[in-house]
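Treat the numbers as computed from the prediction; the structure is a model and nothing was measured. This chain uses plain numbering: 1 for the first residue, then up along the sequence. Indexing begins at 1, ligand by ligand and atom by atom, following the structure's order.
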Amino acid sequence: MVHRLLCSAGSLALAFGLAAAPLLAQTSRAQAAPATELRVFDAALVDSSVDPCENFYRYSCNGWFKRNSLPADQTSYGRFTELAELNRRHLRAILEDASAAGSARTANEQKIGDEYASCMDTAAINARGIKPLAPELARIDALKSALELPALLAHLHSIGVDAFFGMGSSPDYANASMVISAYGAGGLGLPERDYYTRTDAKSVEQRKQYVEHITKIFALAGEQEAQAAEDAATVLAFETRLAKASLTETEERDPQNLNHPTDVASLEKSLTHFSLADYLAALHAPDTGKANNTQPKFLAEFDALVADTPVSTIRTYLRWHLLHAFAGTSLPESFDQENWNFYAHTLNGAEKPQERWKRCTLRIDREMGEALGQTYVAKYFPPADKQHALAMTEDIEKAMDKDIDSLDWMSAETKVKAKEKLHTVMNKVGYPDKWRDYSKLAIVRGDALGNAERVHEFETARDLAKIGKPADKTEWQMTPPTVNAYYDPQMNNVNFPAGYFQPPFYSSKEDDAANYGDMGSTIGHELTHGFDDEGRQFDKDGNLLNWWTADDEKKFNERAACMVKQYDAIEAVPGVHLNGKLTLGENLADLGGLWLAWEAWLDKAQAEHVDMRAKADGYTADQRFWIAYAQQWCTQTRPEQLRSQALTDPHAPDEYRTNTVLQDLPAFAKSFSCKPTAAMVSATPCRVW
Ligand SMILES: [Zn+2]
């Protein structure tokens, strides 16, 4: 799989179903059902002892903080996790029903039910030890020279092992209506490349802990302690070379850095020590000529590494990534425990592992999310909610249309193009129109590891089959139960999974002030992604094509620089500032999105003659709008997780997604009669959209 630019609403660590192979402790609060009903606007959570003009986040969320301590198995816990946890309990019930073997099960129920039962059966998994991996380990041991690497790597990639580089399908940057093959950087065991290069004491310590972790995994797989330690050091040194040749997170956000069109024949010629033809043949990948080498420097370094690395080092590196790929829920609990210990505890601060059922539920959502999701939406997403969601999205698009007209910095010429793009956005709500066909995927009860391999083989084949064909804009990159949303710049569509359209983010029982302040701001957020520093580089058809006049581009960049400076100044944890450039797209989307939701709601309230000053639950309608906005971000986060987030996440931490955004909005200050000198009022507010 190759990195694709998708702009999500929430932090990926929180996204239900998006975490990478090493399972970060995510959602939770298992059995304990929420004591009170989840509400979009909740007056009971407001702390009136805090001045709303001094710290609106604390004012809106203190009541929630008092009720919700951070559970020991969590690295952060907020409204997103609160809902993801509720959804997970719903999914668990569906999976437990499906796992009760009976002749009445549909084909999909057999698959999700038997896979869930296999994942839960730790006695069987423990008893088999690492035997199920023996054929794969033997294949790696049999690697005698780099000449044999292409076929081996193709096999490992097909079963989901992230080694060296990634290869998969991707829409063509020049013509997004067609799918081509794409190559990208990969093969690292730490979260991203800067973990290998930072020189501060904490990062040095984390690399030491990473080596200890690899040592333990090798030892669990049967290596002698001294050999395991030596091999672990080898892995770190090898990965460091790959990391140094990879783009940074910030560089990866600019599509220009990833756009290097080529063709398979030229790529093949450029790799002098690795036969791409052999690799593609073993992978059964269609050769359609056109390709994108997203990271040429990386692939060149890979080629050099193959030539100058002893084959024993390559074997060690591949053995590590094989074990790493399956350490989560497919191998014995000793592997699982060690995997948790490093990725969730050491890197992100979790105090205890999540219960097995939670991780197995997440696994099935990742593996067969559209089979599980089909039952989920039938139970929890009524058609009326879908209609309401689409109507809200259209209202917010109308507000953006008016907003573009009103911009004083953009020329009429660029405005025409911006509106063309806005009018072409496809709105996707809830779930796919056409469900994924899993009929070619075999799931065997009692074979957790084999199932994981077959799922990856199925997904690899499905992905490769898209190459050379027209792009399918109706396909989803998130599963229906996911508590998140995204904008896809190459498809020019906004995507809101059914799992997100639930309290505390949206409720058909609450009024528009609450729903527009909360879910409306998210809809605005995703739409604004089409026009942020990254999204604005794509035209209405998703092609990477500049539609801006030079002067408008300059003005956009000047305005965006205001936000880079604003977020660069924030010290999230002692010694770690936010990265204004890395978070720019999300910050633009937060500010623009809330602005749009506010305008859309004002228009609707006016049309419906809503009395804005009339109070409900002690607050005027406009105040309830802002409080509902802030309450979606109430989150407790461990310092370790906050540090990871500040370093790697394109989303700012939740406190700033509330306070910093609102400081730039004069309408907010007016609703709470804040003085110009108040902390919640910026002296130099930023505004782009
Ligand atoms: Zn976003």
Residue H529 atom name (nearest to the Zn ion (ligand 1); N/O/S): NE2
So, is H651 placed with an N/O/S atom under 2.8 Å from the Zn ion (ligand 1), counting both backbone and side chain? no
Side chains of Q632 and S521: any donor to acceptor distance under 3.5 Å? yes
Of all residues at least two apart in sequence or in a different chain, which pass the side chain to side chain contact (heavy atoms under 4.5 Å, CB included) check with E571? H577
Vertex the Zn ion (ligand 1), ends H525/NE2 and E586/OE1: angle to nearest 10° comes to 90°
Scan side-chain atoms only and decide if H529 and D532 contain a donor-acceptor pair under the 3.5 Å cut-off. yes
Taking ring-ring contact (aromatic ring centres under 6.0 Å, His included) as the definition, give me every residue that meets it alongside Y486, ordered by chain and number, with sequence neighbours left out. none
At less than 2.8 Å, would any N/O/S atom of D590, backbone or side chain, sit next to the Zn ion (ligand 1)? no
